[in-house]
Structure formats: structure tokens, C-alpha cells
Protein chains: 2
Amino acid sequence: MAGAAPSEEALRRALAERQAAVDARRLQAAVGSGGGAAREEMRQAVGNTLERKLFYIPSFKIYRGVAGLYDYGPPGCAVKSNVLAFWRQHFVLEENMLEVDCPCVTPEVVLKASGHVDKFTDLMVKDEKTGTCYRADHLLKDFCKDKLEKDLTLSPETAAEFKRVLAVLDDLSREELGAKIKEYGIVAPDTKNPLSAPYPFNLMFQTSIGPTGLSVGYMRPETAQGIFVNFKDLYYYNGQKLPFAAAQIGQAFRNEISPRQGLLRVREFTLAEIEHFVDPEDKSHPKFVDVADLEFLMFPRELQLSGEPAKLTKLAEAVSKGTVNNETLGYFIGRVYLFLTRLGIDKSRLRFRQHLPNEMAHYAADCWDAEIECSYGWTECVGIADRSAYDLKAHSEKSGVPLVAHEKFSKPREVEKLVIVPSKKDLGLAFKGNQKMVVEALEAMSEKEAMDMKAALESNGETNFQVCTLGKEVVITKKMVSISMEKKLEHQRVFTPSVVEPSFGIGRIIYCLFEHSFYTRPSKSEEEQLNVFRFPPIVAPIKCTVFPLVKNQEFDDAAKVLDKELTAAGISHIIDTTGISIGRRYARTDEIGVPFAVTVDSATEVTIRERDSKQQVRVGIDEVASVVKELTEGQSTWTDISFKYPSHIGPQGDQE
Amino acid sequence: MAGAAPSEEALRRALAERQAAVDARRLQAAVGSGGGAAREEMRQAVGNTLERKLFYIPSFKIYRGVAGLYDYGPPGCAVKSNVLAFWRQHFVLEENMLEVDCPCVTPEVVLKASGHVDKFTDLMVKDEKTGTCYRADHLLKDFCKDKLEKDLTLSPETAAEFKRVLAVLDDLSREELGAKIKEYGIVAPDTKNPLSAPYPFNLMFQTSIGPTGLSVGYMRPETAQGIFVNFKDLYYYNGQKLPFAAAQIGQAFRNEISPRQGLLRVREFTLAEIEHFVDPEDKSHPKFVDVADLEFLMFPRELQLSGEPAKLTKLAEAVSKGTVNNETLGYFIGRVYLFLTRLGIDKSRLRFRQHLPNEMAHYAADCWDAEIECSYGWTECVGIADRSAYDLKAHSEKSGVPLVAHEKFSKPREVEKLVIVPSKKDLGLAFKGNQKMVVEALEAMSEKEAMDMKAALESNGETNFQVCTLGKEVVITKKMVSISMEKKLEHQRVFTPSVVEPSFGIGRIIYCLFEHSFYTRPSKSEEEQLNVFRFPPIVAPIKCTVFPLVKNQEFDDAAKVLDKELTAAGISHIIDTTGISIGRRYARTDEIGVPFAVTVDSATEVTIRERDSKQQVRVGIDEVASVVKELTEGQSTWTDISFKYPSHIGPQGDQE
């Protein structure tokens, strides 16, 4: 917040207050009567299935775990690698991106340049007796919410005050947060002990590189910096042509003070990031036309501020009206929409929300988050930002290596350039030891300052001149400096590219996908609900299961043949030869989202059953692998297959 | 190879063997008498190409880098992800392994249990004036080698002494190392300052989890521990059946004291690890027969100790003779051999070396390294160890959670069990405060000790008994303890599984693959050598390039159609529309190992050229994507394609 202009500050507060009111209304609508409980119940149901089926496991569970660290168990791990493979196909391959793979261990200088060493912090308070740490804003938030929900004696004025605090929570300075905590007498929730004043805690995991202990390193908080520092090499690799994009998939780390929200806020996570480098003077995109007609929920600044909901918007319109800053940013918004919905994210619970001015870094040209609604509320899963030239400039300055692009002119262009030539001899005589500072100040003049000085020197022969590094004005005479505008031929334009950055939180996307894919259906016995994940075939951890209908040699041999063929085709599958009923076996595979089940009831033909429709078709045993491969790679849909092969209503019905 | 017709198989082998023979001769010629220099030259040539083509980049280069950290640039990153995809297909899918994905940040307790906190160290010495650190063994090694190579005045006795030191280097204790350094007067190589005594330096990157600073964590030095701590869940997930394997791919970290050897010894690297859990009483493997006939270079202990070279050995023989401890270990050795050679590792430069007794952990049953010869010498790339029950037992003890398997008996078995019942009353009277120690010592007796005592008590009424915790003998009388063997019915056997662990250093495999795939051929001009990487299609970073023969609309349009079709088929490719000669364009793609080049010289038909043979065939434009897909996925070989399609001797010849 430091350094914000007062008017901007006031604006931010106003914005934040409105946003809070909007959020409150939205939440109320969603929750309805008892919505919170319904959400909680839904989260429990999904969570139980996920944990029971080892989609994920709290890490180091036998040692009672570590907050904010999770393992992906077998089906979760398969979903993750499918999502990443699809990401590579959808972005890297389709857009010819340059994928790189950089280490997690990062020396301090890189993260100093990026600003993370100084600014990647949360404000923390400590229990003064036990030393337990809390996020200061979380305590204040919980206190206000709790009061509003449970304290029936609250005066309307106090209630309004608490609401205002909740609205501006993200904008409170260290001092303001501390003052509020003191004013409300907030104590440590577990012990009721007094709390320290808030102080910043850097969220990076710190370590030491090499044996001396002198070389500080951090576990990277994002993968992007690895791309920025390689810009020069990548630009040459790309034949010195813009635009181009580099991409990286990898682990990132944030040492959260007190992780909450299960899989959504964790201390280690997989990011997939794209840095698309583009000429700041031309942000058009040749393939924008491919996504221009897409229509989806957009939530621009204006709607958020006026308290209206997100609105179905055509992407072409959002770009042409200037709601989205430029075509390249718009193109990536469209591609992200396609990526998420093809994975199985529900369109009606996906929106693109524009950052409010107070959320956006000062250098950013525009920024949109793909937010997915889950039981925790609307969750930021992909950030798509036009970060202008900020990152490349920061690393250029810190490293001294120019990270720039060149536009060669087809013929040289004549340009006027300011030329300032200080006369060191005369300046030396006049300023002695201070000469250097005066020379530097003269050379640093802007075009306007220089031309003003030139005019003053020509009319008066001398002029006063403020030298900041000396802290005083000096008198400059005509012979001390020559100032002129000269015409020069330039053969190229040298500039720092802008970068458009789509950054994907893979774990969050996967968690939302789990919730959006989950449903239950009644079982035959009507006593229990059966759990199903409706993963699309590309996402499904296992593509098909093979069940011999009953235990006999013939069917077992046929299953073995299928096993070999599916393996050779690279299709993950399970052979289930347990003797339990077909209905139970279906239920088991539905619960981990297997889209196709193959029942072997002859040595030559089998039935394939689709998970959600429960339709079955008869397919020759030698065609099974290629049919399943077509279905999972997207060359055929189930509809295609059900037209092509005879349908089947067999004895091996489901459990209904 | 599995499933291919024998004749084809035989042909392939013959071809591959011939190729290997040619390679070997070439290498021999290259290394010749001045092997060291030739190797260095070879390393330079490969290294230059790799760095120029951005296969890898020293990390954070613009900040002058960090020793032991490298980025994979675009082609390197693609090779890496192809190698990992093949690893998943060859191991995880083929063997139905349970893949998991655990965090890198690991709490201290886990690595305390595994032994890493106490034992994962290297001995380090410090320049006493500057504080610069060195590995103690490296300094001693360099000193001895240097003396042997350069000191012509060396007496035969001293030379023999230096050779002996080099031979036992890895076995020297901290004190012995220090003594040798002192004896030889070794000083800091850069400053000639005196050195400190050696002291252990833990190679793990340490950090702190959460904000308190009290919770120590490390960046994992291997991925295996994540699997061990999840054993219980994974065993249940697998239906409580043994054997089963879990697998994990991920980053691991070692804070090397002074990284050397470029890409081979780095501070952060990708590991792919398998933990195969098996009943210690039955280490047979049902699929061993599939690999039994493989024959390759094996280097068992005996050969190493007798100074003989590695020998071509049939795997079945090595297992049946007991050279390899058991079938399961043998099976994985065979699978690793297939994995590496299918990736393109030269058979004649790959050997399986058994650990010498001094290299092996005390608990290990047997251990073999897949070593690949490259310009740095024979390099450990995969370790395949039978670690017995060590890891699971260590975590059981530390966590208190039993990590065991159960064998249910089909009918209960009668077993005799030793029952020792101390009479606490009588012991209390006799030993008072020492009673507890005596009771514990009695209960801890082995079956033999107990039966001896029983006999003595029956014949003498009393006996002497050593209680270690008291440090003395006590007299035990008949009434103080009852000892008997009782028959019990047992329904199951409870045991800790053994684990066979193949652990792959992916970066090292890739680096060796780069060297084994590299060759040069003369250019047309004879002035320069052209660089080629003969990557197999599955490994190649880019599967094909598309060149319009000359610039015209018709060919460009055809190239665009191909672009779309190749993308849809998921095939990474480059469209090269630069106007330069076809020969030059071939040279460019050869240098990054692209196996197939498609030259567009009509709107309906194109030529496809294979990189190494430089043969060309004519293929219809609509068939290109499927032909390249078959070739890269291994359904067809180039030989198949060159039989199927007409060959072509076109104007677009290579540069010879």
C-alpha cells in the first residue's frame, strides 16, 4: 500500500467496500436457506470418496502429517498427469510454445529482482506466550464474522463497522491491522493469550545453497522467473521473432502461515505457466478469430462495482469494446475457457473476473482470473495478466544484461535525438569535486528540461539548475554544456517486449474438477447412494476395466488377450477378476470415474458399457483396444460408437 | 520386442547389433591411444551442440549462474518429457504400478527415520583462511592422480601407495582421510592455505516449515520415502495383495559441496523410482520368463575383484547361479536393460555392475547399478537394490504404525509358541527396585535361552542369569518364572515385506543418451562436419519438420494443411519456411535429432526422408500424419514404410 496516492487509496477503499457488499449478496443467494450446510455436506461427500479411493492422501500421514501438504495417490496422480498431458497438447503443441524446465532452488538475486524477497509477505501475529503464529487478517476476519453471525446484541452501528472492516480487510496496512486487533481486544484463539503486533512474514521457503551458508536461496514461489531470465536465449532460439511464448510446468512453494481450505491452499503445488512475449505496439493475435465467437460468463470491473452479476458475453465484443485490454489477452482468455471446459469444468460455474484496480499490480495493463465455483466459493484457478514490460525490465536492470527485442526496419528511418555534451573542463573548473554529480544530472535531463535549458542559456547566458545528488541548485553557464537535437538514421527499433501470462494452479483446477464431476445415483437396493465421477475420457485415471462375466478359463484367457492389447495401445486399465457381482464391479469403477467397462462373456465378443448413460454395445474382442483408444483420444464419441456397433441389453445390468 | 514375430525380431537384432559394432569401432578409433584427450574432445563437441541448441542452459545464466543447476531448454525439455512418458508406459502401465506424487518439502521426522538426517553426509574440509569448502575425498583423489600422472621422480613404492589410496578412497573414515591429507601436506588448491580437519556436511537442503522457525524440514534427497510412508494405504488399495509396486517421478535435491562433471552431478534432479513390495519368503516373479533370455554385459563382484572385465551373461543363468540374488531383482534388471536400450543407449556401453560388499548398506540383500559409459567414464544411471525390509521397519518403529502385510492361511495352522510368565510377586520380593529389569530380561529370552533355563530350573531348582541392564548375574529360582511351549492356532502370517527398488537418475540417462546418439558426417562442402543426434522416434524432441521446397502459395497451403493434421494427431513438429537450401534445412533438423523430414514439392504428394539412412519415400499428403504417428509410436519401422511406399531420389538431396 505504501506510496499509493491518497485519491487512489480512497478509490480502492470505496471499491473494496462495494465488492464486499456484492460478495455478501452473492453468498446469500447461493447459500439460500441452509446453503452453507448443503455445501459443507457436498464437500464432505466428495472429500470422503477422494480420500477413501486415494485420489489424495494427507502427506506423511503416519507421522500425523504436515498442514498444507498432500500426496496424490494412484488415481489422483493419473488425473494430474492426464491434465498436464492435455495442457501440453492444448497449449504447447497447438501454439508451438517453447517449453523449458528450470530448477526449484533459486538464488536470492533472482527473487530480489522480481520483488519476491521484499514483497512476497503476509502479516502475522504471534501468541505472546506460546509463540503460535496466526495470519493477522484471518483473525480479524474471523472475529468480525463471528460477531456478525452470533452476537445478537450488536448495535446497528457496530454491525456496520464490522462489515466495513471486512470489506477493506485486504487493504489494511500493518499499522491499521494492528490497531484494529488492539481495539477489538482480539486474543489468540487457542489460548486466549495476548497477541504481538503484526509483522511481515516472507512466504518463501528459505534455504542455503552450497556448504558455506553464505549463499541464500529460496524454493521458487512461481515458475515464471525461470523463463524471464532465459528470455535472451529463447528469443534467439525463436529466430529473433516476436511474438512467441515459453511455457513451464513445475513445482512451486509457499510457506503459508496457517494453511486452510484443504487442497486449495497448500504449501507446495504444481503450476503451469505461459509467458507470451509480444511487441507492446502490436498486441493483435492472428488466431483471435478462432475464439472470437465463444460466449461465456465474464465479470468485468463495471459489473462488480455496480453490484451486478457476471454476464454471458461474446469474447469478440469484450475485446472490441475494450473491456478486455487487447486481442492477445482475449485470445488466451478464450483458450483457457476451452481448456477448462474440455477438462470437464461446468460452464455455468466458470467465470472470468477482471481484477479491480486495487488488486492489480501498478505495472499490469489488465488482468483476468478464471474463477471456478466450488464448495469453498468462487476460486481463482487461472490468472491471465498482461504484465507489460515489468519483469524483463526488472531483470535487465538487476543483471545488466539487456532483455530486449529488435525490430529491423526495411529501410532506415530518420529520427531526431537529443544530444547533451557537458564540457568537463569548464565544469571541473567551476565545481571541482562535485563535477561528476553535475555531469550526471545534466546527462539525465529529459528532452523538455534540456530544451528549456538550451533556451535559457541562449537568452541569458546562464541558468539555475537543481542537482538532486548535491541537494542544491547550481549555476550553469553557456560554455559548460552544448545541447542540440540531431537527426540520425536508425536501422532498427529496440524495445522491451510486453508479456501476457496465463498461470494455471493445476491442483486447484483438479480439485474443482473433482467437485464438478461428482454425482450420486441410487443403488439397486435403494439403501445406499452410488458415487460417480463423470470424468471425460481424457481426464479419467483409468480408461477402462475388463470384467470376465463369470470365473472360467475361456473368459480369463480372453481377458488376458485384452490386457496385452490395451497395454500395447498405451491405455491404462484394470482387469477385475474378483468374483463379486457385475453390479458391484461397475459401482467400484464408477467411483474412480472409469468411463468404459468391458464385460467378457464370450471368447470373441464383449460388451462395452459407458459409465454415465449405462448404454452397452457389442464389439469384437480384437477391436476393443482400438475402440477404447479412439474414445479416449477424442477421435470418436460414445455416440459415434453406439451408432457403429449393435447395442446390447444384457443380463449384466447395473445395480438399479 | 515382446509380441513381435521372431523373424522380424531377429532382423531387428541383427541390424541393431551391426550398428552397435560400427559404433564401437568408431568410438575405439576416436578414443584410440590418447583416449583422455579424444574423450574430452568428444565431450566438447556434444556439449557445444547441446548448449547452442538450448538442450540445456546453465540456470540463472544472466546472473552468472549457480554451480550444479541447469535448465532444460525447449529440445531438452521435450526429450525429458518423452523419456518420462516412455518410462510410464514401460514400467507403470506394463506392470500395473501404483503411481503417487508426494511433496518435495519433507518434515525432519521422516528423514530421521530413514537415516538421512544422520548419515546423508559428505566429508568436507575448509580453507582455514578464506572459508572455501572442498570435498575431502576429491582433494585426496586429485592429489594422488596428479602425482601418478605428472611426478616422474615417484618411487615404485610411493606410486603403489598412491594407487592403493585411490582404490580404497570410498572406504576411508573421517580420521583416515584427515590423516592422509595431513601426511601428504595437501593444501587448498586455489590459495595454498592450510585446510581444516574433515567434518561431515549434510547434503540435504534445509528449510523451515511454517512461520515459527521451530519445524525443521528438508527438500527430499530421494522420492522413495514418500512411498514407504504410504505403504499401508497402498497395500489396502491393492486389495491387501503382494507383490505390488508403487512408483514416483519427481524432483530430488542434494546440496553438493562442489558440483563437478556438468550435467552428471547436480544439485536438483528428476528421479523416477519404483518400490516393489514382495514377500521375503517368495521372491519369484511370474514374468521373469519374459526377460530370462536377455544377454548383456554383467559385472558381478567376482569379476571386479579378480580384475576381469564385464562379461556378456544370460540373465537366466545369472539368477539360477545365484549371482543375482533372486528372480524379482533379476526381472527388474532385465526390464531396465530393455528400457535403456529402447531409448537408444548403446548396448556395448551399458553394463550391470554388482555392488561390492563395502558399497552396500548392511541391510541390503543385493544391489546392481546400470552403468553407462560416457566421456566421464562408467556412470551410475540406475540403481536396482533389494533393500530387504529395512525402510518399512524403520518407519514402523519411528511412527508406531505397523507397516506390515498379512498372509491369510486357507486353514489355520498349529504353531508352537514360547510362553514366558514371570511371577512378579516373587521377583519383586527378591529384586525390589530391580524387578522391572529382571522381568524384561526374562521376557526377552530367545527360545533356546528359555528352554535351557527351563531345563536348569527343573534339574537344579535355580540358575544364574545375566541381566545386561543391571550389568550383573542374578539367581533365578523355579517359582520366579514359568516357561512352556504352547500350541496355538494361527490364522495368518504377519510380516514386513521386502522391497526391490529400481531408482532412475533421469538427467544422467538423458545426458548419456545425448552422447550415445551424437555423431558427425561430412557436409557437401567437406569443410565442416554436420552434427546429428540419432534419437529413436520416441525420444526425439520434434518428430518431423515440414519444408515447402520453394516459396510458393501452393506449397505453403499444403504445409498449412499438414500443420493442422500433425497438431491434431499430437505430433510435435516444425514448419520451416525459411528460404534457405533444403540441405541446410536438413542439417538444422539433424542437429536436434528430428527423425523425419517432409519436403512439400506438390499439393498432393510429399517426400519423407529418414534422418540416418537419408532414404526418401513418396507419400500422399493425407497420409503423412498417420505415417509419422505410426513411426513415432512404434507401430511401424522405417523399413516397413520404405517397403510400403515408393522410394524417391529427388533433387532435394543432402549436403554431401
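Residue numbers begin at 1 in each chain, while the letters A, B, ... track the order of the sequences.
For the set B:Met124, B:His395, B:Gln635, the entry with the most heavy-atom pairs within less than 4.5 Å of chain A is B:His395. For chain B, the option among A:Asn202, A:Asn230, A:Leu403, A:Ile575 with the highest count of heavy-atom pairs below 4.5 Å is A:Asn230. Taking chain B as the reference chain and counting heavy-atom pairs below 4.5 Å, the highest number among A:Gly226, A:Ala113, A:Ser572, A:Pro107 is found for A:Pro107. The most heavy-atom pairs under 4.5 Å with chain B, out of A:Ile571, A:Thr578, A:Ile574, come from A:Ile571. No other option in B:Gly73, B:Ser59, B:Gly76, B:Gly570 has as many heavy-atom pairs under 4.5 Å with chain A as B:Gly570. By number of non-hydrogen pairs under 4.5 angstrom with chain B, the leading residue of A:Glu256, A:Gln248, A:Lys53 is A:Lys53. Highest contact tally toward chain B, considering only A:Glu633, A:Lys232, A:Gln206, is held by A:Gln206 [criterion: heavy-atom pairs under 4.5 Å].
The two residues B:Lys61 and A:Asp233 come nearest to each other via the heavy atoms NZ-OD2, 2.8 Å. Nearest heavy atom pair, residue B:Phe201 against residue A:Pro211, reads CZ-CA, 3.5 Å. Closest of all the heavy-atom pairs between B:Gly131 and A:Thr212 is O-CG2, 4.2 Å. Between B:Lys398 and A:Tyr63, the closest heavy-atom pair is CB-OH, 3.4 Å. When all heavy atoms are compared, the tightest approach of A:Leu234 to B:Leu54 is CD2-CD1, 4.1 Å.
Side-chain atoms of A:Arg267 and B:Ile209, non-hydrogen and from C-beta on, do get closer than 4.5 Å to each other.
Note that the NZ atom of A:Lys564 and the CD atom of B:Glu94 stand 9.5 Å from one another [nearest 0.5 Å].
For B:Val105, the parts lying near chain A are the backbone and the side chain together; criterion is any non-hydrogen pair under 4.5 Å. At a 4.5 Å heavy-atom cutoff, the contact between B:Phe253 and chain A is made by side-chain atoms alone.
Of the possible donor and acceptor atoms, none in the side chain of A:Gln251 sits under 3.5 Å from a partner among the backbone N and O of B:Gln251. With hydrogens and angles disregarded, a donor-acceptor distance shorter than 3.5 Å links the side chain of B:Gln89 to the backbone of A:Thr567.
Within residues 80-88 of chain B, the residues approaching chain A closer than 4.5 Å by heavy atoms are, in numerical order, B:Lys80, B:Ser81, B:Arg88. Listed by sequence position, A:Asn96, A:Leu98, A:Glu99, A:Val100, A:Asp101, A:Cys102, A:Pro103, A:Cys104 are the residues of residues 96-104 of chain A in contact with chain B, using a 4.5 angstrom heavy-atom cutoff.
A search for side-chain hydrogen bond (donor to acceptor under 3.5 Å, both in side chains) contacts involving B:Asp563 returns B:His573, not counting sequence neighbours. For B:Lys126, the side chain to side chain contact (heavy atoms under 4.5 Å, CB included) partners are B:Cys133, B:Ser196, B:Tyr199, not counting sequence neighbours.
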